[in-house]
> 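Provided herewith is a single structure, encoded as structure tokens, for subsequent inquiry.
What's counted below: heavy atoms across the whole structure, side chains too, no hydrogens, waters or symmetry copies. In this chain, numbering begins with 1 at the start of the sequence shown.
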Amino acid sequence: MDTVIIHGNEWKREDVEEPVSWALSQNWTRKVWIAPNITWDHDHCAICWWKLHESNVKAHGVGFNDGGHNWLCSECYEQFINNKI
């Protein structure tokens with residue numbers, strides 16, 4: 001079985017292929033996550049569903065945004081987009 005490790009968890013590569021393929025077609029910019037309004041307290045990585053929110057911990061507080069409401073965590077960005085597996 002072909003697997004990848006994301007945030008210390010083992011994933012089947014086939015389970016991330018579709019979101020990775022979609023993410024490769026987007027333009028991503030590194031950003032600090034800031035709530036867009038008072039009722040919005042987090043977003044999730046479009047690949048692994050890692051929680052991004054206002055935090056001093058970079059793994060949660062910094063990610064990559066497509067200019068809209070889509071986010072990637074830094075780990076998925078580096079592993080799948082920056083390295084273009």
Side-chain angles (χ1 to χ4, degrees):
M1 174 171 42
D2 195 14
T3 61
V4 293
I5 304 297
I6 307 171
H7 299 288
N9 297 311
E10 188 174 30
W11 290 65
K12 292 180 193 174
R13 187 175 296 274
E14 67 186 40
D15 290 342
V16 299
E17 284 177 346
E18 187 176 325
V20 167
S21 178
W22 170 82
L24 284 166
S25 72
Q26 307 303 305
N27 293 313
W28 299 99
T29 303
R30 185 178 187 268
K31 288 183 150 186
V32 172
W33 193 94
I34 298 171
N37 61 54
I38 60 171
T39 61
W40 199 308
D41 67 350
H42 71 280
D43 279 294
H44 290 275
C45 175
I47 295 173
C48 73
W49 286 91
W50 183 256
K51 190 174 181 179
L52 293 152
H53 54 88
E54 289 184 26
S55 175
N56 292 330
V57 178
K58 279 188 178 183
H60 287 289
V62 177
F64 289 81
N65 180 260
D66 70 350
H69 292 294
N70 297 302
W71 286 84
L72 295 180
C73 67
S74 294
E75 186 166 329
C76 283
Y77 179 84
E78 290 302 327
Q79 185 169 180
F80 302 113
I81 307 307
N82 199 30
N83 290 327
K84 294 183 176 57
I85 63 164

> Measuring from I6:CD1 to E75:CD, what's the distance to the nearest 0.5 Å?
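Separation between the atoms: 7.0 Å.
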> Name all residues meeting the side-chain contact (heavy atoms from CB on, under 4.5 Å) criterion together with N37; count only those two or more places apart in sequence or in a different chain, and write none if there are none.
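Counting only residues at least two positions away or on another chain, N37 forms a side-chain contact (heavy atoms from CB on, under 4.5 Å) with T39, W40.
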> Classify the ring geometry between W33 and W71 as parallel (under 30°), tilted (30 to 60°) or perpendicular (over 60°).
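Geometry flag for W71 against W33: tilted rings.
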> How many angstroms lie between atom CG of N65 and atom CD1 of I34, to the nearest 0.5 angstrom?
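N65 CG to I34 CD1: 11.0 Å, rounded to 0.5 Å.
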> Could you pull out all donor-acceptor pairs under 3.5 Å where a side-chain atom in residues 16-26 meets a protein atom, sequence neighbours excluded?
residue : atom : partner : partner atom : Å
S25     : OG   : W22     : O            : 2.6

> Indicate yes or no for a side-chain donor-acceptor contact from E10 to the backbone of T3 under 3.5 Å, with no hydrogens or angles considered.
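Looks like no, no N/O pair under 3.5 Å.
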> State, yes or no, whether a side-chain contact exists between L72 and F80 at a heavy-atom distance under 4.5 Å.
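No, too far: nothing below the 4.5 Å cut-off.
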> Which residues satisfy the side-chain hydrogen bond (donor to acceptor under 3.5 Å, both in side chains) test with D15, sequence neighbours excluded?
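Once residues adjacent in sequence are excluded, D15 has no partner under the side-chain hydrogen bond (donor to acceptor under 3.5 Å, both in side chains) criterion.
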> Judged by atom type as modelled, is there a donor-acceptor pair below 3.5 Å linking the side chain of W50 to the main-chain atoms of A59?
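Yes; judged by distance alone, with no hydrogens or angles, the pair exists.
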> For E54 versus A35, what's the shortest heavy-atom pair and its separation?
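For E54 and A35, the tightest heavy-atom pair comes out as OE2-N, 2.9 Å.
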> Restricting to side-chain contact (heavy atoms from CB on, under 4.5 Å), what partner residues turn up for V62, sequence neighbours left out?
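R30, V32, K58, S74.
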> Under the side-chain hydrogen bond (donor to acceptor under 3.5 Å, both in side chains) test, which residues partner H53, sequence neighbours left out?
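Not a single residue meets the side-chain hydrogen bond (donor to acceptor under 3.5 Å, both in side chains) criterion with H53.
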> Among residues at least two apart in sequence or on other chains, which ones pass side-chain hydrogen bond (donor to acceptor under 3.5 Å, both in side chains) with W28?
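Checked W28 against side-chain hydrogen bond (donor to acceptor under 3.5 Å, both in side chains); zero matches.
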> On a heavy-atom basis, which atom in D66 and which in G68 lie closest, and how many Å separate them?
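Where D66 meets G68 most closely, the heavy atoms are OD1-N, 2.8 Å.
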> Does N9 have any side-chain hydrogen bond (donor to acceptor under 3.5 Å, both in side chains) partners at least two apart in sequence or in another chain, and if so, which?
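Expected list: none.
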> Check whether any side-chain heavy atom of C48 lies under 4.5 Å from a side-chain heavy atom of W11, and answer yes or no.
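Yes; the side chains approach each other to less than 4.5 Å.
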> So, taking the atom named OG1 in T29 and the one named OH in Y77, what distance separates them when rounded to the nearest 0.5 Å?
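One finds 8.5 Å between OG1 of T29 and OH of Y77.
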> Out of curiosity, H60 NE2 to C73 SG, how far, rounded to the nearest 0.5 Å?
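Taking NE2 in H60 and SG in C73, the distance rounds to 9.5 Å.
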> Is there a chain of hydrophobic side chains (I, L, V, M, F, W, Y, each step under 4.5 Å between heavy atoms) that links I47 to F64?
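Per the 4.5 Å side-chain linkage, I47 and F64 are co-clustered.
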